Amino acid sequence: MQKIRIKYFTDKIDKLEYIEGKSDWIDLRASETVELKAGEFKLIPLGVAMELPKGYEAHVVPRSSTFKNYGLLQTNSCGIIDCTYCGDEDMWRMPVYATRDTVIKQNDRICQFRIFENMPTIQFDETASLDNENRGGFGSTGKQ
Ligand SMILES: O=c1ccn([C@H]2C[C@H](O)[C@@H](COP(=O)(O)OP(=O)(O)OP(=O)(O)O)O2)c(=O)[nH]1
């Protein structure tokens, strides 16, 4: 089992829970009530800071119900939390854009995360030609 040291900034939200056998994504909660007007951008405080295991990062994405319930879009599509983001004030936040007037109440589950292993060290090796056949993309499959 992997342990993650976690700091909570408030006792007004439920503790994070890993529910074995359900999903390996863990829900995150708003640590304050946040109101947004249509067209407004805000960072929703998630009330936690963590020391991720060495060699791992966390990916934060909305819950599938987040847009339906709150009309919110996550502006960075997927939040990447580096394992160096582990100081006492390094609280996780979710950047959002409101498509309508909305209220996220303290302790509402607003997004989810899981950890991923970092990729191997990469070195770019420049070349004029890759010497491979073109695959094509952007809907080109089966078209002339
Ligand atoms: O949705 C997010 C994305 C990032 N972060 C935190 C953790 C991350 O490690 C840090 C920096 O994120 P990133 O490197 O994506 O931001 P940047 O725009 O490149 O800014 P920086 O100059 O701080 O790296 O901000 C969040 O709390 N939520």
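Counting convention: from 1, in listed order, for ligands and their atoms alike. Given the structure is predicted, the values throughout are model-derived calculations rather than measurements.
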To the closest 0.5 Å, what do you measure between CD1 (I13) and CD (E32)?
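Rounded to the nearest 0.5 Å, the CD1-CD separation comes to 10.5 Å.
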
Which residue from I44, I81, L46, L52 reaches closest to atom 5 (N) of ligand 1 through any of its heavy atoms?
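Ranked by closest heavy atom to atom 5 (N) of ligand 1, first place is I81.
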
For D82, which part has a heavy atom under 4.0 Å from ligand 1: side chain, backbone, both, or neither?
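Both the backbone and the side chain of D82 come within reach of ligand 1.
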
Do any non-hydrogen protein atoms sit less than 4.0 Å from [atom]?
| atom | answer |
| --- | --- |
| atom 21 (P) of ligand 1 | no |
| atom 13 (P) of ligand 1 | no |
| atom 9 (O) of ligand 1 | yes |

Which residue owns the protein heavy atom closest to [atom], what's the atom, and how far is it?
| atom | result |
| --- | --- |
| atom 15 (O) of ligand 1 | I80 O, 4.2 Å |
| atom 25 (O) of ligand 1 | Y85 CE1, 3.9 Å |
| atom 27 (O) of ligand 1 | R93 N, 3.1 Å |

With atoms numbered from 1 as shown, which atoms in ligand 1 lie under 4.0 angstrom from a non-hydrogen atom of [X]?
| X | result |
| --- | --- |
| P95 | 1 (O) |
| W92 | 27 (O) |
| G79 | 1 (O), 2 (C), 3 (C) |

Is there a donor-acceptor contact under 3.5 Å from the side chain of [X] to the main chain of [Y]?
| X | Y | value |
| --- | --- | --- |
| R5 | K3 | no |
| D101 | A38 | yes |
| Q106 | S31 | yes |

Could you check V96 against I110 for side chain to side chain contact (heavy atoms under 4.5 Å, CB included), going step by step and ending with a plain yes or no?
CA-CA 11 Å; V96 293; I110 193 79; 5.9 Å; no

When you compare ligand 1 with N76, is there at least one nitrogen or oxygen pair between them that comes in under 3.5 angstrom?
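Min N/O separation from ligand 1 is below 3.5 Å for N76.
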
